[in-house]
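In this chain, numbering begins with 1 at the start of the sequence shown.
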Amino acid sequence: MEHIKESDLDILIKNIKEHLQDNGLFIASVSNTSDKPMGVELHQTQKSKTWWLKKFGKYGLYEDKKMYSFFNTQYIRGKYEAKHNFHLIVCLNPEKTI
């Protein structure tokens with residue numbers, strides 16, 4: 001998610017919501033630190049987990065906290081979250097997921 005420019009996020013999140021089933025999940029891995037190989041910033045949106053959740057919430061996608069344990073820490077960035085890496089699990093209605 002951090003590779004996408006902040007100005008492009010609204011369109012992306014609207015598209016995610018439009019294609020998500022009522023009981024579907026959107027799972028993302030996010031880093032909020034700089035990454036500049038050869039001087040080019042790859043992480044264009046470096047924000048906290050709280051910021052990302054508010055951004056998704058603006059479009060009616062909400063964190064499904066119970067699903068973190070369901071996936072048993074099996075995520076793209078590994079099983080441990082660090083200060084600068086985290087995961088997001090959002091959905092339309094947490095009451096409708098497993």
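Residues satisfying the ring-ring contact (aromatic ring centres under 6.0 Å, His included) criterion with Phe26, sequence neighbours excluded, are Phe56. Remark: Thr33 pairs with Ser31, His43, His84 by the side chain to side chain contact (heavy atoms under 4.5 Å, CB included) rule, at least two apart or across chains. Partners of Lys66 according to the side chain to side chain contact (heavy atoms under 4.5 Å, CB included) rule, which considers only residues two or more places apart in sequence or in another chain, are Asp64, Pro94, Thr97. Shown here are the side chain to side chain donor-acceptor pair (under 3.5 Å) partners of Asp22, two or more places apart in sequence or in another chain: there are none. Annotation: side chain to side chain contact (heavy atoms under 4.5 Å, CB included) contacts of Asp8 (sequence neighbours excluded): Ile4, Lys5. For Lys47, the side chain to side chain contact (heavy atoms under 4.5 Å, CB included) partners at least two apart in sequence or on another chain are Glu6, Thr45, Trp51, Trp52.
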| field | Derivation of the side-chain contact (heavy atoms from CB on, under 4.5 Å) call for Glu63 and Lys49 | value | CA-CA 11 Å; Glu63 183 176 33; Lys49 186 172 187 174; 3.7 Å; yes
| task | Dump the intermediate steps for side-chain contact (heavy atoms from CB on, under 4.5 Å) on Ile27 and Leu88, then the final yes or no. | result | CA-CA 6 Å; Ile27 302 170; Leu88 300 171; over 6 Å; no
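Side-chain atoms of Glu2 do not come within 3.5 Å of backbone N or O of Gln46 as any donor-acceptor pair. Not one N or O on the side chain of Lys17 forms a donor-acceptor pair closer than 3.5 Å with the backbone of Leu61. A donor-acceptor distance shorter than 3.5 angstrom exists from the side chain of Tyr68 to the backbone of Ile89, with no hydrogens or angles considered.
No side-chain heavy atom of Lys96 sits less than 4.5 Å from a side-chain heavy atom of Cys91. Looking at heavy atoms from C-beta onward, Met1 lies in side-chain contact with Leu12 at the 4.5 angstrom threshold. Taking 4.5 Å as the limit, every side-chain heavy atom of Leu25 sits out of range of all side-chain heavy atoms of Val90.
Residues Pro37 and Leu42 come closest through the heavy atom pair CG-CD1, 3.5 Å.
The side chain to side chain contact (heavy atoms under 4.5 Å, CB included) test with Lys58 is passed by exactly one of Leu9, Ile13, Asp10: Asp10.
The distance from atom CD of Gln44 to atom OG of Ser34, rounded to the nearest 0.5 Å, is 11.0 Å. In this structure, the separation between CZ on Phe86 and OG on Ser48 is 6.5 Å, given to the nearest 0.5 Å.
Residues Tyr62 and Ile16 fall into different hydrophobic clusters, defined by Ile, Leu, Val, Met, Phe, Trp and Tyr side chains chained together at heavy-atom separations under 4.5 Å.
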